[in-house]
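Before any comments, here is the structure.
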Amino acid sequence: MKRLVSLLLAALMLASLTACGGSPGASGGSQAGDGNSSQGDKTVYTLKFGHDANEDSTYQAGAEALKRIVEEKSEGRLQIEIYNSGSLGSETELLESVRMGVTDMCFATAANSSATFPQMGIFSVSFLFDDQAHFDRCLEPGSDLTNALKKIVADANVGCSLAGCISQGLRSVEAKVPVRTPEDLKGVSMRVMNSETEILVWSTIGTLPTSIATGECYSALQTGVITALENSPAILNSWKFYEVAPYVCLTEHEYLISGLYVSDKVREKLPEDLYSLLLECVDEAAAETLEFDKENDQKALQELEENGATIIKDVDKAAFASLVMPLRDQVAEQLGVQDLVSIIDAAKA
């Protein structure tokens with residue numbers, strides 16, 4: 001009887017060892033927590049990538065670029081599954097999910113990231129960048145600014161890293177009424193991103209700011225809960241906000257920065273060579289996405305007009321800037337990010 005028990009225990013141990021070894025083509029079952037390279041490992045590792053924008057968005061283009069580059073360069077060993085349109089939650093929920101290791105990667109705007117990384121709130125100060133060329137210099141992979149932001153996230157040590165940065169367009173106001181000056185927004189209920197700095201900026205301009213999810217904005221405009229919002233042309237067009245708020249007013253107040261966050265659990269899941277490859281591919285995908293975003297915004301402006309939106313170009317940007325710019329140094333001091341402002345200023349032409 002004892003011999004039978006011993007044989008059974010040995011068989012169970014052998015089966016367990018075989019299962020842990022994995023098999024070619026297994027999905028996501030990495031046992032490479034020691035971080036060593038796994039030469040000859042044919043296991044397929046799968047990562048979940050979430051974002052809250054739809055299939056026509058820069059987020060989707062960025063996720064697809066990363067998926068294509070990673071899967072090609074890893075020869076299929078590393079796969080990325082994309083979950084768009086908020087199917088895994090809002091940006092703030094996604095970032096928390098990435099920190100916990102439930103979701104592997106996500107995009108989140110600087111504004112929505114500021115609840116976790118308060119320093120990111122500086123990017124909610126409008127008119128921070130002089131023009132597109134200035135913004136491009138600041139955000140290109142490997143720039144002083146992107147490296148500084150990566151360090152901020154790393155130093156926070158909250159379960160994720162910032163792998164790269166992209167843009168989600170140049171934001172303008174869309175409203176149920178035409179907007180040309182700050183006076184036109186006095187007392188107007190306006191949806192803004194979930195950030196203390198965003199609320200400060202739009203309160204200073206004179207609006208009544210409120211933070212609601214992008215997916216709820218159409219009904220909020222339709223029912224009069226809000227009268228205005230602000231976003232990039234591509235986002236405004238893709239969500240069809242022009243159907244209930246027909247005036248797209250080119251305030252062009254903010255170049256939106258979004259981070260690509262990677263869970264620390266990913267480093268534990270992947271062999272060292274695949275983790276390094278993933279980070280390399282993020283830089284390549286980010287550069288590609290930045291170019292896509294500019295083209296996407298211009299295309300969206302044309303489509304907005306074709307879809308019946310009224311594009312208001314004669315906006316008094318100087319009037320908006322004069323109200324907001326004094327906030328820059330105040331917010332920078334409050335957040336302790338004077339160094340970021342110096343980096344941005346140093347990149348001016």
| field | Residue pair Q60 / E64, side-chain donor-acceptor N/O under 3.5 Å | value | yes
| field | Nearest heavy-atom neighbours spanning E71 and L78 | value | CG-O, 3.2 Å
| message | Please tell me whether Y45 and S74 have a donor and an acceptor in their side chains that are separated by less than 3.5 angstrom. | response | no
| query | Looking at K73 and E280, does any basic side-chain N land under 4.0 Å from a carboxylate oxygen? | reply | no
| note | T210 and S189 have their tightest heavy-atom pair at CG2-OG, 4.4 Å
| message | Looking at E91 and T109, would you say the former's side chain and the latter's main chain have a donor-acceptor pair under 3.5 Å? | response | yes
| request: Answer with yes or no whether the hydrophobic clustering places F107 together with L47; edges join I, L, V, M, F, W, Y residues whose side-chain heavy atoms lie under 4.5 Å apart. | output: yes
| Should Y255 and V315 be counted in the same cluster of Ile, Leu, Val, Met, Phe, Trp and Tyr side chains packed under 4.5 Å apart? | yes
| With side chains defined as the heavy atoms from C-beta onward, is the minimum distance between I82 and H51 less than 4.5 Å? | yes
| said: Would you say E198 and N194 are linked by a side-chain donor-acceptor pair, where the criterion is simply a distance under 3.5 Å? | reply: no
| field | N54 and S238: side chain donor to acceptor below 3.5 Å | value | yes
| task | Please confirm whether the backbone N or O of F292 pairs with a side-chain atom of N296, one donor and one acceptor, at under 3.5 Å? | result | no
| field | Modelled atom types, side-chain donor and acceptor of D293 and T58, under 3.5 Å | value | yes
| Any luck finding a side-chain donor-acceptor pair between E140 and S143 under 3.5 Å? | no
| request: Answer yes if L256 and W239 sit in the same cluster of Ile, Leu, Val, Met, Phe, Trp and Tyr residues linked by side chain heavy atoms under 4.5 Å apart, and no otherwise. | output: no
| message | I'd like to check L250 versus I311 (side-chain heavy atoms, cut-off strictly below 4.5 Å). Are they in contact? | response | yes
| task | Run through R191, E174, K176, Q222 and flag the one making a side-chain contact (heavy atoms from CB on, under 4.5 Å) with F241. | result | E174
| query | Under a 4.5 Å cut-off applied to non-hydrogen side-chain atoms, are V98 and V262 in contact? | reply | no
